[in-house]
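Single-structure report; data block below.
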Amino acid sequence: MIRRLLGSLLVITVLSIFCTGCWDYREINLMSIVSGAAVDKTPDGKYKLSIEIIDLKGGGKEAPVHSKKLESYGDSVFDAIRNSIKISSQKLYWGHAEIIIISKDVAKEGILPIIDFLSRDAEPRLSIDILISNEDTAEKILDSQSISTEIRTYEINKMLDDQKKLSKSPKVEIYQFINALGDEGISAVLPVVGLTQNSGEATSQLAGTAVFKQDKLQYMFDEDDTKYYLFVMDKIKGGLLVVNKTQNSSNAGNFTLDIDSNKTYVKPVYSKGKLSFEISIKTKTTLGEIDDNKIKFTSQSEIEKLEKQAQTVLKQNVERVIKAVQSGYDIDIFGFGLKVKQDMPELWKKIKPDWDDLFKNVQVKANAEVRIKHAGLLSNPIMMGD
């Protein structure tokens, strides 16, 4: 009898587990799905959220997906989100949000309140991409023309995902920014987004890198310098290396190399009481374009000549960008201090209090090794007659 009773209780318990609904189940028609948002501030100091919402109304499977913009205000980010209830009967759902665009004015004040909400709330994912607007407001980016999709924020997110073909913008997800805030010896960066003209209409484009000291924006640099910053950070996954006549002293014309792979090593060196850094860059490329028909691709000496020119240009630009950051700001965006902490922890304990001053004057030497694997489908240059 007892065994039968225990058996019945076990069956009831198991059935009760599998027959209950999902604890947080919500009807999709009762929610507004957020794809992304822009964060600005009003003249009186309130947060203004411009939220892009996916419009799922409009018919069957073949109906195009559109988006709507909802504007809400509040004394905090969370307050602005909650206040959206005043103009929308549906609760905002942030589980599919891909990007947050923050105005540069808000970023200068500090973006910790925004980061805090995104990481504290259960719905937003820690893989959300954060960008800084280079325009007067972040809202202008949401209002710009879409080229490939009706969902503006999803298009920008795809641009970030595909930037590895250009290597002109960093891709930073929220958890990476949080990690950089907590690390010693490195300052956080975020991608910059701005506007450009396309067929007479404004559309967005990735526009370089924003540099932070703690959670406050300090300055920005353009996409060309960003590429050499990414070389130092060992984050080059592709892109082009362009060498023109103004960058080398030889008689060769302009040529462009398509980067197949890259590996960068940063080594701190401490000798005779002086700290320095050695950067070794090893890049494999394909010859993508050349305007000099004197170059014979079948000649190894000619290929080595191009490699040498590319190495010089890469080395000079990497050192130039590092020197510009050192001389302009006391902000270590390259993680040199973090490298010392990892490789020489005892030395880091001694220099940590003075690292901002030391960083500005530390010597950095770069060495670049560029290899051209092949010259594409052409074995000889295109020749022209009379």
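Side-chain atoms are counted along with the backbone in the values below, which use heavy atoms only and exclude waters and symmetry mates.
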Residue pair S169 / Q163, side-chain donor-acceptor N/O under 3.5 Å: no
Close side-chain approach of I281 and V232, heavy atoms under 4.5 Å: no
Distance-only side-chain donor-acceptor flag, D260 / T286, under 3.5 Å: yes
For the student: nearest non-hydrogen atoms of N83 and Y73, plus distance: ND2-O, 2.8 Å
Contact check, side chains of D129 and L190, non-hydrogen atoms, under 4.5 Å: no
4.5 Å side-chain heavy-atom contact, L275 and V269: no
Check ion pair E319-K315 (N to O, under 4.0 angstrom): yes
Residues R371, E304; criterion salt bridge (Lys or Arg N to Asp or Glu O under 4.0 Å); working and verdict: CA-CA 8 Å; R371 291 289 174 257; E304 290 175 356; over 6 Å; no
Heavy-atom check, side chain of N254 versus side chain of V242, under 4.5 Å: no
ILVMFWY cluster, V172 and L206 together (side-chain gap under 4.5 Å): no
Backbone N/O of G74 and side chain of D79: donor-acceptor pair under 3.5 Å: no
For the student: nearest non-hydrogen atoms of V370 and Q311, plus distance: N-OE1, 3.0 Å
Salt-bridge present (E139, K48; N to O < 4.0 Å): yes
Taking every non-hydrogen atom, the tightest pair across G238 and S167: O-OG, 2.7 Å
Common cluster, I259/Y265, ILVMFWY with side-chain heavy-atom separation under 4.5 Å: no
F231 and Y228 aromatic ring geometry - parallel, tilted or perpendicular at 30°/60° bounds: parallel
Salt bridge present between D162 and K171 (N-O < 4.0 angstrom): no
NZ/NE/NH1/NH2 to OD/OE distance under 4.0 Å, K360 and D356: no
Cationic tip of K41 above Y47 ring, under 6.0 Å, 45° of axis: yes
Distance, nearest 0.5 Å, that separates CD of E369 from CG of N262: 11.0 Å
Hydrophobic cluster identity match, V192 and I101, side-chain contacts under 4.5 Å: no
Exceeds 12 heavy-atom contacts within 6.0 angstrom, atom CZ of R82: no
Single-linkage hydrophobic cluster L118~I132, side-chain heavy atoms < 4.5 angstrom: yes
Polar side-chain atom of E223 near backbone of K168 as donor-acceptor pair, under 3.5 Å: no
Closest contact, heavy atoms only, F117 versus P124: CE2-CG, 4.4 Å
Any side-chain heavy-atom pair of L160 and V193 under 4.5 Å: no
Sidechain-backbone polar pair: Q326 side chain, V362 backbone, donor-acceptor under 3.5 Å: yes
No-hydrogen, no-angle side-chain donor-acceptor test under 3.5 Å, T226 and D224: no
K104 atom NZ, neighbour heavy-atom count above 12 within 6.0 Å: yes
K69 bridged to E71 by N-O distance under 4.0 Å: yes
Smallest separation among heavy atoms of A368 and L314, with atom names: CB-CD2, 3.9 Å
N-O pairing of E98 and R125 below 4.0 Å: yes
Side-chain (D116) to main-chain (L112) donor-acceptor, under 3.5 angstrom: no
Q214 CD: over 12 foreign heavy atoms closer than 6.0 Å: no
Heavy-atom side-chain contact between I331 and Q218 under 4.5 Å: yes
Charged N-O contact under 4.0 Å between R320 and D225: yes
S103 side chain to S133 side chain, donor-acceptor N/O pair below 3.5 angstrom: no
side-chain contact (heavy atoms from CB on, under 4.5 Å) assessment of K140 paired with D136: CA-CA 8 Å; K140 285 185 177 180; D136 294 336; 3.4 Å; yes
Minimum side-chain heavy-atom gap Y154-H96 below 4.5 Å: yes
F255/N244 under side-chain contact (heavy atoms from CB on, under 4.5 Å): CA gap, chis, key distance, verdict: CA-CA 6 Å; F255 64 94; N244 56 55; over 6 Å; no
K284 atom NZ, over 12 foreign heavy atoms within 6.0 Å: no
Minimum heavy-atom distance between L287 and I372, given as atom pair plus value: N-CG2, 3.9 Å
Between side-chain atoms of residues 334-351 and protein atoms elsewhere (two or more places apart, or another chain), which donor-acceptor pairs fall under 3.5 Å?
| from | atom 1 | to | atom 2 | distance (Å) |
| --- | --- | --- | --- | --- |
| K341 | NZ | E184 | OE1 | 3.3 |
| W348 | NE1 | E184 | OE1 | 3.2 |

Atom pair CD1/CD1 of I111 and I102 - distance to nearest 0.5 Å: 4.5 Å
Hphob cluster co-occupancy, V321 + L166, side-chain heavy atoms under 4.5 angstrom: no
Spacing of I33 atom CD1 and Y93 atom OH [to the nearest 0.5 Å]: 8.0 Å
Point-to-point distance, once rounded to the nearest 0.5 Å, from CD of Q205 to CD1 of I141: 9.5 Å
Approximate separation, where rounding is to 0.5 Å, of I279 CD1 and D234 CG: 11.0 Å
Check: D332 and W355 side chains under 4.5 Å, non-hydrogen atoms: yes
K165 atom NZ, neighbour heavy-atom count above 12 within 6.0 Å: no
Check against side-chain contact (heavy atoms from CB on, under 4.5 Å), T312 and Q316: CA-CA 6 Å; T312 300; Q316 289 176 345; 3.5 Å; yes
Short side-chain donor-acceptor distance under 3.5 Å, Q90 and S32: yes
Any donor-acceptor N or O pair under 3.5 Å, side chains R152, S144: yes
